[in-house]
Each structure stands twice: as structure tokens, then as C-alpha cells.
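Below is one structure, written out as C-alpha cells; the observations come after it.
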Amino acid sequence: MNIEAFPRRLAKRFQLDFWTSGTLLLAFFIAAPLLAVSIFSLQPSGDIWHHLLTTVLSRYVMTTMGLMVGVGIGTLLIGTATAWLVTLCRFPGRRIVEWALLLPMAMPTYVVAYVYTDVFEFAGPVQTLSRNIFGWESSRDYWFPEIRSLGGAIFVMTLTLYPYVYLLARVAFVQQSVCILEVSRTLGKTAWQSFISIALPSARPSLVIGVSLVLMEALNDFGTVDFFAVETLTAGIFDVWLNMNNLSGAAQLAVIALCFVLLLLWAERKSRTNQRYFNTSTKYQALPSYQLRGIKMLGAVLTCLLPIGFGFILPSSILGYYAWNYYEESISHDFYSILSNSLVLSSLSATLSVLAGIFLAYGVRLQENPLLKSAARLASVGYAVPGAVLAVGVLIPMGKIDVFIQGFLNNIFGISTGLLFSGTIAAVTYGYLTRFLALSYGTMEASLMRVTPNMDGAARTLGLGPGKTLKRIHLPMLRGGILAAAILVFVDTMKELPMTIILRPFNFETLATQVHQLATDELLEESALGSLSIVAAGLLPVIYLSRTIRGTRPGAGK
């Protein structure tokens, strides 16, 4: 064996050029906290597993599966139906609801849980009014759904998470080829038949990514399930970590939660092996639309208004009432500084996540190498790991880097640097990148799947390299997906709580941490101003994104 020729053969086999090596290094950098958590989970955890197996583990698993199934079905139905209606149907108020349907994604889920508990609990206005009207005196006189339950958690999460599916489904519907829709109408198919047989199958990649993101978000949620006393794996992780003081056991539960998502993603990808979804037609013009009248128009209006009303209008109205009446108690001398902290972190996180997502997705597309695919997918599973546990994974490598730098400079120059990365903005940003890369990478992957490889071949014949092909060909076509990824990361970062609490610098507050602290102290009224600020920060980007998506269709201006 020629040892000297081995590196050349390896480089030729894997084509270790700029994009390949860059993709591998970037994926490893982002996945480092995940690897750290996985390694940490191998440490002995005592007899905690015997206790979990004989008591609550089966309940954790079954409740988690029920939550994921309920939220997945609910968000898929609402997100897909509303995206189709506002894209290819005409009814009164369509231009308003097409961006208003995105508004619930700016609402923190745990805050919505607090609001609906305040509304529907025994002492809340709904049950109080019902008792006054019907003369009931106690809860034994009537039955009312318990909001603090698995069903209540599914209800709240569905209302706040369906925009993930709606956003990606609408991008897919907007970018559809007009030819297949015209053929459908020529063959006499109705709007419903066209939706089922043509639009839905062609939008499948985007729908799958949207539902996958929803399931990972539901699996990661802690604030809602903790407040509703729903025993999921995530609640168990925090219980094992904080109450039983067993971090390795918590990390092992986190690995089980991660297996849920990996199994779902593997099953979906297996189901569409060797299937591709390309738009090969160059005929892009205004999409055909269906004018709805009568009962169909009323049904479409109600279908779009109900998610907006329950997911945004009602909660924000209650928060607005509290914020107005408790303004003096809510405002503080550093409120605007806290607001600035949230905006800066969210903008920085969105920018870095989108850039990393584009680089990884395009690097995988260039070679279709199993090693690159595995590395990119590993780097993008951080969204499925509970934020608090993932934060520990961030602290482990950054702590080792700080120790190494401190020891090196102290031994060589006698300088004491202290902590350069741990407990700084760099640690928070790194954690956000690891946490939210799935949003940008998944969106970029779905968008690139809709671009036929013939475009790459044509660019190569014209003498364009991979970098120029990305800049001149792909990026203009991916504008809708890029904006979708940016807004997803921005809004989610504004709401991120457990990771921020652990990784933030000392005395560094964000709107999410301030709202959480007030809400857990049962000061919902005083937390309303901060909650509304989180919502307001996402309103303009949401409206801009919705209008831009409509204009990203090739030939829209023709």
C-alpha cells in the first residue's frame, strides 16, 4: 500500500474542496454541544433508572407521544388548510388574514398558557359567567373541560405552533407551477380536488419540514407542560436534573427524547426515498384563484379567523388590558435596555443561523455525500434537545476552551484573562445557533429540493463555479425560504427562555427571562408589558415576510 498516495485517494473520493471541508467543519462546530451532552449522558447515573422504570417513565413516554400526535395533527390541518385558502382562493379579507395568520408565532407559548388558565379556570370569567347565567353554585353542578391537562396543552401549543406549517406550506403553494393547476382546471377538477391530488403532494417536503419543526418544538416545551402539570419527557428531564440533582440522568432522558425526533425524521425520509419534487416548467405567472361564495366563503373566513382569534387576538387583548392597567408596576428604568438586549440577540442569531443553514444545505447538495448529509443532520438536531440540557452542552466545550486559554496565557505571559467565552454573549449566541439551526437548515433544504439539478448543470456549462452559482442562481430563487428561515429564528430567539437563563452573562436580562420571572411569581398582570413587547417585535417582520413571500414567485410582476 502506498501510504503517501492515501491522502490523495481520500481527497479524490470525498472531494475535499472548500465546500466539503467547510461543511464538515461547520457541522462539527455546531454539533459540539450535542456531542458533549451525549458523552456526558454516558456517565453513571446511580439507581435513578430503576426508580424511573418502576414509577413514571412509561407515563412520560405515553404522554409525550400523545402530545406530539395531537399537536402534529392539529397544526398540519390548520396550517395547510389556511395556507391553501389564502393562496389560491378569493374571499373577503384574504389580504389581511394571509399575514395575520402568522401572528400567533410571536406569542410565547407559556404566556398563552397563563392567559387561558386565567380565563378558563374555576375563578375565571368564563366559568364565573356560566355559573351566574345558569345558577350553578359549585363545580359539582356542571362539567367544564380542565385547561390544566394534556388536552389543554395540545390546545395551547396548536394555537401557537401552527404558523410553522402555514408559513412553509404557503411558500410551497406560492411557488407552484401554473401549468399543472391549469391542467387540473381544464379536466374539470374543483378547488378541493386540485388541492388533494396536485397541490398537497407537490408541497409535501415543505409540509414535512413544518410538522417536524412543530414536533420538535412541542417536545422541547417546558413552560406549558410544567404549568399544566403534564408529565412529558421534557418535564421529567427537569425533574431529574433540578429536583433529583442528577444531571447525567437528565442527559440520558434527553437522549430518549432525541430518539423520538430522529425516528420520526428517519421514517419520513424513508417513505419518500427516490422521490423528488421539481418545478421544470418556465411558465410562471399569476396563480389561478377560486372565487368562493355563499357557505364556502363563510367557511373559509371562519377557518382563517378562528386560529387568529384564539391564537392571537384574545390573548393579546387580555395582555393589553393588563399592560394598560398595570403599566406603572410593569415599567422599570432598565426596560428599554432589556428590550435592546432581546432585539440584538435575535437579529444576530437569525443572521448567523441563516448563513450557516445556506452553507450546509448547499454543501450537501453539491456532492450528495452520505457523510455530509449525516454531519448536517447531526448539526441540525439541536432543536429537539431541551434548551436547558443543550446549554450544559454549550458550557462544557466553552469551559474547556476558557481553561486552556487561561492556563496558556498564565504560564507564558503571567496574564489572568478570566472567562472569555463562558457566561458571555458569545456563549448565548453559540447556544442559539446550535438550538435553531434546524429552522434555517430545514427551510433551506426544502427550498433547494424544489430547484431542479438541471439549473446547476446549466450554470456549470456557462463557466460558473459553485460559489457564483449559489450567488447568481440559487439565492434569488431561495429568497422566500431565506426570509422564512430568518423570521422563524428571530421570533423563536425572542421567546427562548431556559437556554438564555443558563448562558446569559451576569445581570443580563432579556424580555423572555423577565416575563418568565414575573409569570412564575404569579404576576401575570405585570408580565403583560414584556409579553406584548415580544409580540410587537415580531409584528413588522411577520407582515413584511408575508408580503415578500407573495412577491417571490418567479414572474409575479408579469
Side-chain angles (χ1 to χ4, degrees), residues 70-105 154-155 158-208 210-211 214 277 279 283-314 480 484 542-543 545-547 549-553 555-556:
V71 175
I73 294 175
T75 54
L76 179 62
L77 293 177
I78 296 176
T80 307
T82 52
W84 170 257
L85 288 174
V86 301
T87 304
L88 287 152
C89 297
R90 286 185 290 169
F91 54 90
R94 177 174 66 93
R95 289 298 180 91
I96 297 177
V97 299
E98 72 178 10
W99 60 261
L101 282 163
L102 292 170
L103 297 178
M105 72 186 303
I154 293 175
F155 171 73
T158 299
L159 289 177
T160 56
L161 297 179
Y162 81 84
Y164 288 83
V165 180
Y166 166 78
L167 182 61
L168 297 177
R170 186 164 168 239
V171 171
F173 292 150
V174 166
Q175 295 179 349
Q176 285 186 108
S177 172
V178 72
C179 292
I180 57 175
L181 298 176
E182 286 181 343
V183 171
S184 174
R185 298 186 70 172
T186 302
L187 295 176
K189 289 185 177 292
T190 64
W192 173 252
Q193 291 172 333
S194 298
F195 169 72
I196 292 296
S197 61
I198 296 176
L200 196 60
S202 66
R204 180 181 174 181
S206 296
L207 295 178
V208 167
V211 174
V214 166
Y277 304 84
N279 289 335
K283 187 175 183 181
Y284 284 98
Q285 59 189 45
L287 287 168
S289 58
Y290 304 90
Q291 179 66 56
L292 303 182
R293 295 182 175 86
I295 190 66
K296 292 183 179 179
M297 179 189 70
L298 180 60
V301 172
L302 289 177
T303 300
C304 294
L305 288 183
L306 287 177
I308 301 171
F310 286 103
F312 180 79
I313 296 177
L314 179 59
V542 164
I543 296 173
L545 172 63
S546 179
R547 294 183 175 181
I549 288 175
R550 192 190 314 130
T552 57
R553 176 178 175 80

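- Here the closest non-hydrogen pair linking Thr82 and Gly79 is OG1-O, 3.2 Å.
- Proximity of a side-chain donor or acceptor of Tyr162 to a complementary backbone N or O of Leu101 within less than 3.5 Å is detected.
- Here Thr158 contributes atom OG1 and Leu76 contributes atom CG; the two are 11.0 Å apart, rounded to the nearest 0.5 Å.
- Considering Val86, Thr303, Leu85 in turn, Val86 is the only one that fulfils the side chain to side chain contact (heavy atoms under 4.5 Å, CB included) rule with Val97.
- Taking CZ from Arg90 and CZ from Arg95, the interatomic distance works out to 10.5 Å, rounded to the nearest 0.5 Å.
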Can you list the steps and then say if Ile78 with Tyr166 is a side chain to side chain contact (heavy atoms under 4.5 Å, CB included)? CA-CA 8 Å; Ile78 296 176; Tyr166 166 78; over 6 Å; no

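- Going from atom CG of Leu314 over to atom CD1 of Ile308 covers 13.5 Å, rounded to the nearest 0.5 Å.
- Under the rule for a side-chain hydrogen bond (donor to acceptor under 3.5 Å, both in side chains), the partners of Thr160 that lie at least two apart in sequence or sit in another chain are Thr109.
- Within the 3.5 Å criterion, the main-chain N or O of Leu77 finds no donor-acceptor partner in the side chain of Thr80.
- Across all their heavy atoms, Arg94 and Cys89 have their closest contact at CD-O, 2.6 Å.
- Annotation for Pro104 and Pro307: closest pair CG-O, 4.2 Å, computed over non-hydrogen atoms.
- Within the 4.5 Å cutoff, no side-chain heavy atoms of Leu167 are placed close to those of Tyr164.
- The main-chain N or O of Trp84 is never found under 3.5 Å from a side-chain atom of Thr87 such that the two would form a donor-acceptor pair.
- Smallest separation of non-hydrogen atoms from Val214 and Val165: CG2-CG2, 3.9 Å.
- Between Met297 and Pro92 the shortest side-chain heavy-atom distance falls below 4.5 Å.
- A distance of 9.5 Å separates CG in Leu305 from CD1 in Ile96, rounded to the nearest 0.5 Å.
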